[in-house]
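In what follows, a single structure is set out as structure tokens and then discussed.
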Amino acid sequence: MEGFLGIVEGGRFSILLPRPQCCTVRLTRIKKPASIADELVASHEINLEEYEGKAIMVAGSLPEHKGWLYEASVIDQSGPILTEVVKELFR
């Protein structure tokens, strides 16, 4: 599992760090097996509504298919000041 820093925008998580992983994903609690139905993955999606507009740190697994961050959990969130600092730093 890796740590990812990003901003929640439009209900999705925009990864800012680590930089090579930059993309926008949805978060799911489910583990990524070799083959899995999209409906099952979506049924375990983490609702990011409470984090909208905030910088958050997430632990999870990002496979090559970059639509989902698997085994995800939000481990921290920033307040308004730090969120603005993160946004400025990564523009």
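This is a predicted model, so every value here is computed, not measured.
Contact annotation: the side chain of F13 approaches that of F4 to within less than 4.5 Å [non-hydrogen atoms, C-beta and beyond]. Two residues are said to be in side-chain contact when any heavy atoms from C-beta on lie closer than 4.5 Å; L62 and I15 meet this criterion.
The backbone N or O of A55 sits less than 3.5 Å from a side-chain atom of T83, completing a donor-acceptor pair. No donor-acceptor pair under 3.5 Å is formed between the side chain of E2 and the backbone N or O of G60.
Atoms OG and CD1, from S14 and I7 in turn, are 8.0 Å apart once rounded to the nearest 0.5 Å. The CG atom of L48 sits 5.5 Å away from atom CD1 of I56, with the distance rounded to the nearest 0.5 Å. With rounding to the nearest 0.5 Å, the separation of CG in L16 from SG in C23 is 10.5 Å. In this structure, the separation between CG on L27 and CZ on R29 is 9.0 Å, given to the nearest 0.5 Å. To the nearest 0.5 Å, the span separating CE on M1 from CD on E71 amounts to 5.5 Å.
Nearest approach of K54 to E50, heavy atoms of both residues: NZ-O, 3.9 Å. Scanning all heavy atoms of the two residues, the minimum distance from T28 to V41 falls at OG1-O, 3.0 Å. Contact between S43 and L40 at its shortest, heavy atoms only, is OG-O, 2.7 Å. Residues G3 and P18 share a closest heavy-atom pair of O-CD, 3.7 Å. Taking all atoms of both residues into account, the shortest heavy-atom contact from I46 to A72 is CD1-O, 3.3 Å. Between W68 and A42, the shortest heavy-atom contact is CH2-CA, 3.7 Å.
For I81, the CD1 atom is loosely surrounded, since the number of other residues' heavy atoms within 6.0 Å does not exceed 12.
Looking at E9 and R12, no side-chain N of the basic residue comes within less than 4.0 Å of a carboxylate O on the acidic one, giving no salt bridge.
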